[in-house]
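All values below come from the heavy atoms of this structure, side chains included, with hydrogens, waters and symmetry mates left out.
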Amino acid sequence: MSEVLGKVLVVDDDEVIRQLIAVNLSLEGFEVATATDGQDCLERVLDVMPDVITLDVMMPCLDGWVTAQRLRMGEATSHIKVVLITARAQDDDKRRGRGIGVDAYLTKPFDPAELIQVVRDLAADPPS
């Protein structure tokens, strides 16, 4: 059995995308949990305690912007690496992500190999 590279919480309201990300990361050796939206993410994050969260921006209930902000403000979650994955590719959106303190920003459609590399790099980087 190979070594687990880290824990990832995959958050997306689209089941197909959520499963695509989860399967790709699992095949690479990550332990993966999923959440269906931002509220579900915040309810599960302390149980999962992931090294990295992949987070869609446009979701019902609680969008990725608010979810990322709440993760950064939480004492127990502020260190978790966050990758925003979104169709919103405008410079203003990227600036907003940097302002919140996300660690990476990928636009849809994304290259699964690029996503895996970003998650791998972030999981290997110790919390600051």
Side-chain angles (χ1 to χ4, degrees):
M1 183 84 193
S2 60
E3 181 180 335
V4 174
L5 297 176
K7 289 185 189 175
V8 182
L9 180 58
V10 176
V11 186
D12 200 301
D13 61 314
D14 184 312
E15 183 177 356
V16 172
I17 294 173
R18 190 171 61 245
Q19 290 307 314
L20 171 75
I21 295 170
V23 165
N24 276 283
L25 292 172
S26 291
L27 289 172
E28 285 298 311
F30 288 96
E31 184 179 318
V32 179
T34 62
T36 56
D37 59 41
Q39 187 62 45
D40 191 23
C41 170
L42 294 176
E43 290 170 4
R44 301 204 60 216
V45 69
L46 294 179
D47 291 331
V48 175
M49 282 314 292
D51 302 296
V52 179
I53 296 174
T54 66
L55 184 60
D56 185 23
V57 171
M58 304 304 293
M59 294 183 291
C61 298
L62 202 58
D63 69 29
W65 301 119
V66 173
T67 304
Q69 248 176 339
R70 290 187 183 174
L71 289 165
R72 285 293 172 251
M73 292 180 347
E75 188 176 327
T77 59
S78 62
H79 69 283
I80 299 171
K81 308 290 184 180
V82 176
V83 180
L84 286 182
I85 302 177
T86 180
R88 299 181 60 114
Q90 305 299 322
D91 286 340
D92 286 348
D93 295 316
K94 292 178 183 178
R95 272 194 293 279
R96 184 175 180 186
R98 282 192 301 273
I100 292 170
V102 300
D103 300 284
Y105 195 104
L106 295 176
T107 55
K108 292 178 184 175
F110 58 88
D111 175 5
E114 180 183 11
L115 171 66
I116 289 165
Q117 190 59 56
V118 166
V119 171
R120 184 185 290 270
D121 291 346
L122 289 175
D125 186 27
S128 42

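Considering CG of D12 and CD of Q19, their distance stands at 10.5 Å, rounded to 0.5 Å. Of the inter-residue distances, the one linking I100 atom CD1 with R95 atom CZ reads 13.5 Å to the nearest 0.5 angstrom. One distance of note links CG of D111 with CD of Q117; it measures 11.0 Å at 0.5 Å rounding. Distance check: T67 OG1 to D37 CG gives 7.5 Å after rounding to the nearest 0.5 Å. Note: T54 OG1 to I17 CD1 = 10.5 Å, rounded to the nearest 0.5 Å.
Nearest approach of I53 to V11, heavy atoms of both residues: CG2-CG2, 3.9 Å. Considering all non-hydrogen atoms of both residues, M59 and D56 come closest at CE-O, 3.2 Å. Summarising the geometry of R70 relative to L42, their closest heavy-atom pair is CD-CD1, 3.7 Å, with the distance given to 0.1 Å. Between A68 and V102, the closest heavy-atom pair is CB-CG1, 4.1 Å. Heavy-atom minimum distance, L84 versus G97: CD1-CA, 4.2 Å. In terms of heavy atoms, I80 sits closest to R72 at O-NH1, 2.7 Å.
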Legend entry - Criterion side chain to side chain contact (heavy atoms under 4.5 Å, CB included) on L9 and T34, from CA distance to verdict: CA-CA 5 Å; L9 180 58; T34 62; 5.6 Å; no
Inset, instruction - Kindly indicate, with the supporting measurements, whether the criterion side chain to side chain donor-acceptor pair (under 3.5 Å) is fulfilled by N24 and E28. - result: CA-CA 6 Å; N24 276 283; E28 285 298 311; over 6 Å; no
Inset, instruction - Take L46 and T77, measure what side chain to side chain contact (heavy atoms under 4.5 Å, CB included) needs, and give me the verdict at the end. - result: CA-CA 8 Å; L46 294 179; T77 59; 3.9 Å; yes
Legend entry - Step-by-step side chain to side chain contact (heavy atoms under 4.5 Å, CB included) determination, V48 to V8: CA-CA 8 Å; V48 175; V8 182; over 6 Å; no
Inset, instruction - In sequence, state the C-alpha distance, the side-chain angles, and the governing distance for D121 and V118, and then conclude on side chain to side chain contact (heavy atoms under 4.5 Å, CB included). - result: CA-CA 5 Å; D121 291 346; V118 166; 5.9 Å; no
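In this structure, K108 does not pair ionically with D14, as no charged nitrogen and carboxylate oxygen lie closer than 4.0 Å. At a threshold of 4.0 Å, the pair R44-D47 does not count as salt-bridged, since none of the basic side-chain nitrogens sits closer than that to a carboxylate oxygen.
Both L62 and M58 are part of a single hydrophobic cluster, where members link through side-chain heavy atoms under 4.5 Å apart. No single ILVMFWY cluster, assembled from side-chain heavy atoms under 4.5 Å apart, contains both V119 and Y105. Note on L71: it clusters hydrophobically with M49, by side-chain heavy-atom contacts below 4.5 Å among ILVMFWY residues. Linking ILVMFWY residues whenever their side-chain heavy atoms come closer than 4.5 Å, directly or via other members, leaves I21 and V57 in distinct clusters. Residues W65 and V45 are members of one and the same hydrophobic cluster, defined by side-chain heavy-atom contacts under 4.5 angstrom among Ile, Leu, Val, Met, Phe, Trp and Tyr.
L25 is listed as a side-chain neighbour of I116, based on a closest heavy-atom distance under 4.5 Å.
Checked by atom type and distance alone, the side chain of R18 never pairs as donor or acceptor with a backbone atom of V10 at under 3.5 Å. In this structure, D103 contributes its side chain and V82 its backbone to a donor-acceptor pair below 3.5 Å.
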